[in-house]
K.L.:
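Sending over a structure as structure tokens; questions will come in a sec.
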Amino acid sequence: MKRTTIGKVKYRLNVALVTGITAACLAIYLVPFLFMIFTSLKTQGQISELGAPIWPAKAPVFLYQDQELEVYNVPFPDGTVRTMAALNKARTYTDFIDISDDPEYTADNPYHWTGYYASLKRPWKFSPTWENFKIVWEKIDYLRVMGNTMFYAIVTNIGVLLSCTLVAFGFSRFRFPGRDFLFMLLISTMFLPGTVTLIPTYAFFKWIGWVGKWWPLIVPAFFANPYDAFLIRQYFLTLPRELDEAAMMDGAGPLRILWSVILPQSWAVIVAVTVFHIVWAWNDYFGPLIYLSTRPELQPISVALSRFNGIYGQKPYLIQAGSLMALVLPVILFFAAQRFFMQGVVVTGVEK
Amino acid sequence: MKKTLLVLAALLLATALLLPACAPKPKKVQIRWFVGLGTGTDANQVPVEQEVVADFNASQDKIELVLEVVPYESARDTLSTQIASGNGPDIVGPVGWEGTNAYRGQWLDLAPLIEETGYDINQFDPDLVAMQVTTDGQLGLPFAVFPAAVYYVPKMFDEAGLNYPPAKYGEKYVMPDGTEKPWDWNTLTEIAKLLTLDANGKNATEAGFDREAIVQVGYYPQWQDALHMAAFWGGVSADDYYDEDYNAIIPDAAKEAWTWYFNGMWGPQPFIPNASLAGSPEFSGGNVFNSGRAAMAITHFWYTCCLADFRDAGNEFQLAVLPANPKDGQVHGRVDADTFRIWKGTQHPKEAFEVLTYLVGPAVKKLAPVYGALPARPEYQQTFLEAKSAEYPFVTSWQPLLDGLAYPDVPSAEGWLPNMTQARDRIASFLDLISNDGTVDLEAQIEQLRQDLDVIFKK
Amino acid sequence: MEQLISFRFRRVSLRKLSAKDRREMKHGLTFISPWIIGFMAFTFLPMVATFIFTFLDMSITEGIYNPVRFMGLGNYKALFQDQTVWRVPSLRVVWTQEIVEDGIKKQIFSPQVKMDPPGAMWVTVVFGIYALPVGIFVPLALALLLNSRYLKAKSLFRTLFYMPYVVPFVAAVFLWGGILNPETGWANRFLMQLGVPKAALPQWANDVFWVYPTYIIMGIWGIGNAMLIMLAGLQNVPTELYDAAKVDGAGPMAIFFKITWPMISPVVFYNLILSVVGLFQYFLVPLVVNQGTGRPGGATFFYNLKLYKEFFTYQKISYGATMAWILFVVILIVTIILFGTARKWVYYAAESA
């Protein structure tokens, strides 16, 4: 489309405005994420250190006669500020000595400063604790746990896509008595809180011997769940029937219609459900916990990470580090799936 | 159509039922050991537990011991689901009285098994054995004891020019000006106030103290709930809260303890962090002493499990003895006695008992250090203390903790209450409220608590 | 709703179904059979079981195989009379107070205005009034923004906006709790930098006024999914419609209301239903952030939180199951109403062909 100069300027302005607003919203939205990154790079000591900045920092120390003295930025009456080490700390005063090679103030002649040392600024050094990631990697056997998670996510995803598309197709494209009642029944299975159905479900799985194995988590995925079936059904209902009817005129059976007509138009929702589901499986916690509690080698990452949440003290820096590590794959997946969300790639109603 | 569907469904169900039958049946007796009601779920404790399990399995071939570790916040739900579905674990532990009483009536009386197998129960201190007896019988064997003491940070005392708290029971405390005071809660309060600092270095007693900018606190009741506080203050045990007719009583000592705690957070000279402050990441999310920002804390031996961050940051702690009640001059302590228990519905009580005796026997060597558990058996205590000293080399003496054994809470502060789970939940709500909100009328809240507990106890 | 009614009329003439209709029925049922089989095998029995529990007196420690006694409708009666669930907050005046003087109980005249803490159902509904619009319109606005042709680096933005949804709950709660900590959190420290006096700082999750905004802010990280679904819906709007509209000279408002909104209304409806279900099942956040106490002032005492407490904390299986089934009925009624109104504003291209 040819654009005039004014059109071009208007376009550029719009781009700047929209992108700017989005970036600003994103910045605020991701502030906790920054907190997450910072926390994952600290030790508890760094978090609790008095006066510590929000970024991972190490309080500098000065080694003096086998003692580690804390270093502060000490203000002098003439307005200058010198970096010095605290020799004797007390509540109302502190004796400082120079840390340079040619010290003016030494242990015999320290600089006596009145005040509370904690109110002074310190020359913090950026000091990220990369070990946190190593610790998480080793302590929960990261590769195996990640493998478990991927297995769980991918296998159940296949099941969900297969079953939910079929079911959604049935509910959206066919009329039969009892359809709306059955659909209502499908939706209503979402209503009962899992808390309550957990015990009979667990008892049932115990009775057929599936506790301690993957089966209770995987097999039901092949039989459609209300959330995804509902979504895909809604989506299918937005697709006009003309193409269906055209294909039917050509003598296509329902499966063929599904395959050649409906699915090619539905990539967006299929990708959405895939991403949707994989992320859900990635973070599914209580199900895997309760069925795999005796098999730590099969547990996915959500359960494994909770091991850093002991009763007498959590290790938030390890949980954050672990969560960051767990984020990576789904985010990459999402980014790669973007292709199907780019307008223009989706074919709408062509191939008549 | 419907017929086909039904046939399909039936086929599927049949396959599902047959699937497990295809798996080979285990020849060994499987015993499940459930960890999570108490300590034992930490990432550094689990490998040791796995070692213990592997050792046991290697030492005999009749029983297969399976470890089940569930994180604490999901442990109750998981255990409840298992028990309700008839699939409870065989052994649960380590578990203290609180966890035990939450599942009252679910534990196996070991007395018949002890007789049957001829297990020598005399190898334990008879007092400790008696501690594990309830109206339901002998519910466990002595595994470990967790006495309590004051943990404190000497550096903070040095900075403030204060003497350290006494390391021996009976010693008096000397104030900076030379006066001697008995080591009781009032004295602890005084020095705690001097040890609570704001960002400008003013302590809580000084004018201009900024309570919104507290950087260091004098005292924290680490991991104590309302009942524990009352026990440490005035020796209140669980059955002091109700009489024979199940009327709820709030003992005076409990009221005093809670008032003291409330004023410690919200009074004009605070020295205890309120819940928001204590729960912040800077204060280690509730693990306040671990953050290195509390001068003193009272808790048990098991707390040594969780001070790694404290130590790694370069801090040091020492131990002192518990303060006495200012009114009666007595020290009221608490001793936890976590152990392992067998679920009543176990299919294999004999095998479970064998595992139990292993856990409180040979396994103690490995388990005690990671649990921070002082072994009940004297012969293991020395190795345990050596392991602790290796972990925290700066501690000059563990004696204050060992001396704390002389001050157990008998009957336990974690003992049974009528309608226990509901009652404890109500008490926890009370503590949560007063820890978070300084504007509440404490008297009224205590009275409200009593009324609510009255209703709960009588249900 | 109309469809529900119309099929009932059709039922009379079932035998009069043409071969074509019968074939359609056969196909339809075959396609939904995976769900039917799964439902029968995995869902139906537990649902029935929990329904049976409501008529018994069960606790966790007895287990489901040893119910104590048959209670009939006792659980339901207790639930309907349970003031902690149904109470609508209202002010009342208490005229006298009981005090103990010299060991004797006396009534003195001391009027006080008391407000009872709201019931759990009320709390859930009120929170829904705040949270549902946010949960529907914020993802929609975001999806529109991220679908705009004026946006550069779309893929990157979409990924970054979705990313927090992947963060596990336990980590996210820590982060938001840390940031919104009234004493040391970034939010209040930032406000102090802006000059807000310490006494005026919001106490976030501790304050009756701020606790719902706090929960909603915490929930903002969870909009990734809804946003994704709306995006998928937006992608499906045929570009020809937009082109035709531009040719007709329609402005952006007209385009949105006449084209975009109707075409995406099915996914908006989906989000609405899911949000309503999620609202009634909301309990994990108040459990973790406010320790499940309902504090401050009972404002976080959600229905499903009470259910969880009754079921797991107090170990009363049957009372919990009763609460669950009443909840089921409530959600069902709301959903049926929503489905009924859907006819008015949800446009299904497939059904109007």
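Reminder, nothing fancy here: chain letters follow the sequence lines and each chain counts from 1.
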K.L.:
side-chain contact (heavy atoms from CB on, under 4.5 Å) for A:Ile319 and C:Phe174? Distances and angles first, verdict last.
P.N.:
CA-CA 9 Å; A:Ile319 296 182; C:Phe174 168 83; over 6 Å; no
K.L.:
Quick check: does any side chain N or O of C:Tyr308 sit under 3.5 Å from a backbone N or O of A:Thr195, one acting as donor and the other as acceptor?
P.N.:
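The answer is no, because no donor-acceptor pair under 3.5 Å joins these two groups.
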K.L.:
Where does the angle between the aromatic ring planes of C:Phe31 and A:Phe174 fall among parallel (under 30°), tilted (30 to 60°) and perpendicular (over 60°)?
P.N.:
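Rings of C:Phe31 and A:Phe174: parallel, under 30°.
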K.L.:
Tell me if a side-chain donor or acceptor on A:Gln234 pairs with a main-chain N or O of C:Val267 at a distance below 3.5 Å.
P.N.:
no
K.L.:
At a 4.5 Å cut-off on heavy atoms, which part of C:Pro168 comes close to chain A: side chain, backbone, both, or neither?
P.N.:
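For C:Pro168, heavy atoms of backbone and side chain both lie under 4.5 Å from chain A.
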K.L.:
For C:Phe311, is it the side chain, the backbone, both or neither that has a heavy atom under 4.5 Å from a heavy atom of chain A?
P.N.:
side chain
K.L.:
Please report the closest heavy-atom contact between C:Leu228 and A:Ala272, naming both atoms and the distance.
P.N.:
CD2-O, 3.9 Å
K.L.:
Report the relative orientation of the aromatic rings in C:Phe161 and A:Tyr29; use parallel for angles under 30°, tilted for 30 to 60°, perpendicular for over 60°.
P.N.:
tilted
K.L.:
Go through it in stages, so that I can follow the logic: the residues are A:Val219 and C:Phe42, the test is side-chain contact (heavy atoms from CB on, under 4.5 Å), and I'd like the CA-CA distance, side-chain angles, deciding distance and then a yes or no.
P.N.:
CA-CA 10 Å; A:Val219 172; C:Phe42 302 115; 3.6 Å; yes
K.L.:
Checking C:Gln281 side chain against A:Phe191 main chain: does a donor-acceptor pair fall under 3.5 Å?
P.N.:
yes
K.L.:
Taking side chain as everything from C-beta outward and backbone as N, CA, C, O, which of these in C:Ile273 sits under 4.5 Å from a heavy atom of chain A? Side chain, backbone, both or neither.
P.N.:
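When you check distances to chain A, only side chain atoms of C:Ile273 fall under 4.5 Å.
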K.L.:
Report the residues that fulfil side-chain contact (heavy atoms from CB on, under 4.5 Å) with A:Thr189, sequence neighbours left out, ordered by chain and then residue number.
P.N.:
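Expected list: A:Pro226, C:Phe39, C:Thr43, C:Met47.
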K.L.:
Can a donor-acceptor pair be found, under 3.5 Å and without considering hydrogens, that links the side chain of C:Trp325 to the backbone of A:Leu192?
P.N.:
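Here the side-chain-to-backbone pair does not exist.
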